[in-house]
Amino acid sequence: PDTIKVGDFAERIKKPASEIIKKLILSGVMASINHEITFEVAEKIAEQYGILLEKEEKKDKKEVLINDFEDKEEDLKPRPPVVTVMGHVDHGKTSLLDCIRHSRVTESEAGGITQHIGAYTVDIDDNKIVFLDTPGHEAFTAMRSRGAQATDIAVLVVAADDGVMPQTIEAINHAKAAKVPIIVAINKIDKNGANPDRVKQELTEYGLIPEDWGGDTICVPVSAKTKEGIDNLLEMILLVAEMQELKANPDRPAKGIIIEAKLDKGRGPVATVLVQKGTLHIGDAIVAGTAYGKVRAMIDDKGRKVKSASPSIPVEVLGLSEVPNAGDILYCVEDDKKARQIAEINQEKQRVEYFESTSKVSLEDLYSQI
Ligand code: GTP
Ligand code: MG
């Protein structure tokens, strides 16, 4: 990671270390002269001296090993949009997706609460849309954040009888941070207490001004129960996707993101991967964080075995040595040996990070240096 020792940093910017340590404490960072601070923290301190920090470009081993090149414009082909469904708990995210998929996922979910990100591919005429379902429960902030980062469009579900709630606001923030356009689905309009106008009013407080109120936020009133407005919602998603001109090169070694992963008793580590570039094939040597292996089998969202997965397509991947972390980037590399080598480097890095985060500073230790 990009970190620097406080002492080294002081030397670089030619300022007394004690002064820097004071500034660090004032900005809430408890560090002594031997502690590492991140580039972002260092940058803020340097700013206070009117110094502009720049990162030194150092190619680390991992980047050299992984051939994560930029694709040429002429190699890019259209790919389906990846849409994340976000919103407050129980506002109807999974029900809306069921409705779109004509299936019944909510009923089979434990207590009706989404526990993980489900990934589904839906065919609409000649178009495909890939949906990621996220849990609205407050404990799942990281998943919503990941969801937003892996996607092209966020569908924000707000129940018309409940309005904007804490996880609605959080979802708006995640989507904004990831610079992902938001389409608002005002759900449960069939209910007695439904008040779509109140929802719109509340949304304006978070910078989302509905189109019919002169803003640029698309708001679609829907009901997952009566299916009212669902076609309109899909149309809007395709419209926004079309404007984005989403493309990826399918003819290159695959790169993807781990959406979720678990240890299956019979099948070993199973990872749901959303392919972002290239095509993943059976037999490919892969690495994701500290997990590595060969793609032994792939299963699509309908439970079918597949031989390959192209950009935007989510698949379950079997064959990894261990369970990777959700959010890890998966790379296809030349051979098993290389995959293992990269996994080992990642493991080493993880160890270093672990030691850094566990080395605590005592207050005495800190104040003795001021
Ligand atoms: P989490 O995954 O737990 O965050 O919830 P969720 O947003 O996926 O909500 P879910 O789809 O599980 O729906 C919650 C409840 O609202 C269920 O009892 C649904 O039947 C109900 N519900 C969802 N959409 C509608 C709707 O349009 N109208 C009515 N009347 N009820 C709905
Ligand atoms: Mg759900």
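In listed order, ligands and their atoms are each counted from 1.
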Exercise for the section: Could you tell me whether D8 and K5 have a side-chain N and a carboxylate O separated by less than 4.0 Å? Expected result: no

Exercise for the section: For K191, counting its heavy atoms only, list the atoms of ligand 1 lying under 4.0 Å from any of them. Expected result: 30 (N)

Handout entry: N or O contact, I189 vs ligand 1, cut-off under 3.5 Å
Key = no

Practice task
Return yes or no for this condition: an N or O of A224 is under 3.5 Å from an N or O of ligand 1.
Solution key: yes

Exercise for the section: Look at S95 and state whether any of its N, O or S atoms is less than 2.8 Å from the Mg ion (ligand 2). Expected result: no

Exercise for the section: Counting heavy atoms only, name the option from K225, H88, K93 that's nearest to atom 1 (P) of ligand 1. Expected result: K93

Practice task
Quick one: look at V89 and ligand 1, take heavy-atom pairs under 4.0 Å, and tell me if it's side chain, backbone, both or neither.
Solution key: both

Handout entry: Lys NZ or Arg CZ of K23 over Y49 ring: under 6.0 Å, within 45°
Key = yes

Problem - Numbered atoms of ligand 1 (with element) below 4.0 Å of D190, judged on heavy atoms - result: 26 (C), 27 (O), 28 (N), 29 (C), 30 (N)

Problem - Salt bridge flag under 4.0 Å for residues K188 and D161 - result: no

Problem - S223 neighbourhood, listing ligand 1 atoms whose heavy-atom distance to it stays under 4.0 Å - result: 27 (O)

Handout entry: Ionic contact status for K128 with D123, cut-off 4.0 Å
Key = yes

Handout entry: Heteroatom proximity flag, G136 to ligand 1, N/O under 3.5 Å
Key = yes

Practice task
Taking only Lys NZ, Arg NE, NH1 and NH2, and the carboxylate oxygens of Asp or Glu, determine whether K44 and E40 approach each other closer than 4.0 Å.
Solution key: no

Practice task
Find all atoms of ligand 1 within a distance of less than 4.0 Å from any non-hydrogen atom belonging to T94, and give their numbers and elements.
Solution key: 2 (O), 6 (P), 8 (O), 11 (O)

Handout entry: Distance in Å, H174 NE2 paired with T134 OG1, rounded so as to fall on 0.5 Å steps
Key = 9.0 Å

Practice task
Look at D71 together with K255 and state whether they make a salt bridge at an N to O cut-off of under 4.0 Å.
Solution key: no

Exercise for the section: Check whether any N or O atom of S95, backbone or side chain, sits under 3.5 Å from an N or O atom of ligand 1, and answer yes or no. Expected result: yes

Handout entry: Steps toward salt bridge (charged side-chain N to carboxylate O under 4.0 Å, His left out) verdict (K15, E19)
Key = CA-CA 7 Å; K15 301 288 171 197; E19 212 175 278; over 6 Å; no

